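Some notes on the structure that comes next.
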2 protein chains.
Amino acid sequence: MIERETQQRRAIREAFTRAGRPLAPHEILEEANPDAPTLGIATVYRNVKSLVDEGWLKTVELPGQPPRYELADIGHHHHFHCTTCGKVFDIEGCVGKLGALVPRGYELDSHDITLYGRCDKCAAR
Amino acid sequence: MIERETQQRRAIREAFTRAGRPLAPHEILEEANPDAPTLGIATVYRNVKSLVDEGWLKTVELPGQPPRYELADIGHHHHFHCTTCGKVFDIEGCVGKLGALVPRGYELDSHDITLYGRCDKCAAR
DNA sequence: GTCGTTGCAAAGCGTTTGCAGCCTA
DNA sequence: TAGGCTGCAAACGCTTTGCAACGAC
């Protein structure tokens, strides 16, 4: 599908490896700006889509938020959404016994957990 | 703010008490159609907004989904999203020890848990 | 009869698509 | 050089807003 490694595509990849947290399309644009000042939002959307298709990125959906994306090679984890700065951070670990919550007759496949509060930088202020 | 109890507003209220689950705007339109066949989507949005403002409804945000709404007077709970029929159901109970997941320096305020799978009707097929 | 509310249509906003020119291979 | 990729602008789908007509009080 994607066959060429362009400046723009490289800048988008580096934005993710540098950030180390899930990025929304407009955050990608900002993060990649030093490497690719003329990068357009349409190019961000197109490259993100192909990077997800080829398994380099995965989609991170949080309640009430536009989709973000992060490197696909990190394992099962959840997310912390800072309500002050708006950034999203990865959280390690998971809780057990979610199956106990499911009503009789329902079949559980997977789950999402989102934590809300203040990140270390925002809490320190 | 809202001063009049119109046919449309009554139909929207009844849609929620009848459904007993979170409803998205288009689901409200369908559910209220028997009571208010000419109901317009703009009216749904305006009434939902005012019902949230006055505390009769609350917003239910699920990952990757448009906002839904449900009666505000039900307590803390989470949601089950059926990946077959697309409907959302309330789940009672909650897990503990989420605080243990939070990194040092972060402050936890609240959380969302979303379960995915098949509801009883879809699982029975 | 007043004036808040409704329904339509236009405006917004974020995302996707069409197309001519650019640039990687 | 060829053809995939980019950037702009138009198209889209969902939500919000403007406005004239309607209807609750």
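Keep in mind that what you see is a predicted model, and the values were worked out from it rather than measured. Here is the naming used below: chain letters follow the sequence lines, and residue numbers restart at 1 for every chain.
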Under the ring pair (Phe, Tyr, Trp, His ring centres under 6.0 Å) definition, can you give me all pairs with a residue in residues 90-109 of chain A, not counting sequence neighbours? A:Tyr106-B:Phe80, A:Tyr106-B:Phe89
Student check: side-chain heavy atoms of A:Glu70 and A:Leu23 closer than 4.5 Å: no
Report the distance from atom CD of A:Glu5 to atom P of D:dG3, rounded to the nearest whole Å. 21 Å
B:Arg9 CZ to D:dG23 C1', straight-line distance once rounded to whole Å: 16 Å
Hey, mind stepping through B:Arg9 and B:Glu54 against salt bridge (charged side-chain N to carboxylate O under 4.0 Å, His left out) and telling me if it holds? CA-CA 13 Å; B:Arg9 189 175 181 79; B:Glu54 68 191 53; 3.0 Å; yes
Atom CZ of A:Arg10 and atom C1' of C:dA25: how far apart are they, to the nearest Å? 12 Å
Just say parallel, tilted or perpendicular for the rings of A:His78 and A:His111, cut-offs at 30° and 60°. tilted
Quick check on C:dC23: is either OP1 or OP2 less than 4.0 Å from any side-chain nitrogen or oxygen of A:Thr6? no
Expressed in angstrom and rounded to an integer, what is the separation of A:Asn47 atom CG from C:dT16 atom P? 13 Å
Tell me whether the side-chain N/O atoms of A:Thr43 come closer than 4.0 Å to OP1 or OP2 in D:dG7. yes
Can B:Asp35 and B:Arg18 be counted as an ion pair, charged N to O under 4.0 angstrom? yes
Which whole-number value in Å describes the distance from B:Lys49 NZ to C:dT5 C1'? 16 Å
When B:Pro66 and A:Gln8 are each assigned the nearest nucleotide of DNA chain D, the 5'-most assignment goes to A:Gln8
Regarding C:dG18, can its base be found pairing with the side chain of A:Arg46 as donor and acceptor, where the two atoms are less than 3.5 Å apart? yes
Please give, in whole Å, the distance from D:dA24 P to B:Arg4 CZ? 9 Å
A:Gln7 atom CD is separated from D:dT6 atom C1', nearest whole Å, by 11 Å
Can you pull out the residues from residues 25-42 of chain B that lie within a 4.0 Å heavy-atom distance of DNA chain D? B:Ala42
For a quick test of reading the model, state the closest non-hydrogen atom pair linking A:Gly75 to A:Lys58 and the distance between them. O-NZ, 4.0 Å
I'd like to know if the side chain of B:Arg68 reaches the main chain of B:Leu62, judged simply by a donor and an acceptor atom lying under 3.5 Å from each other, with no hydrogens or angles considered. no
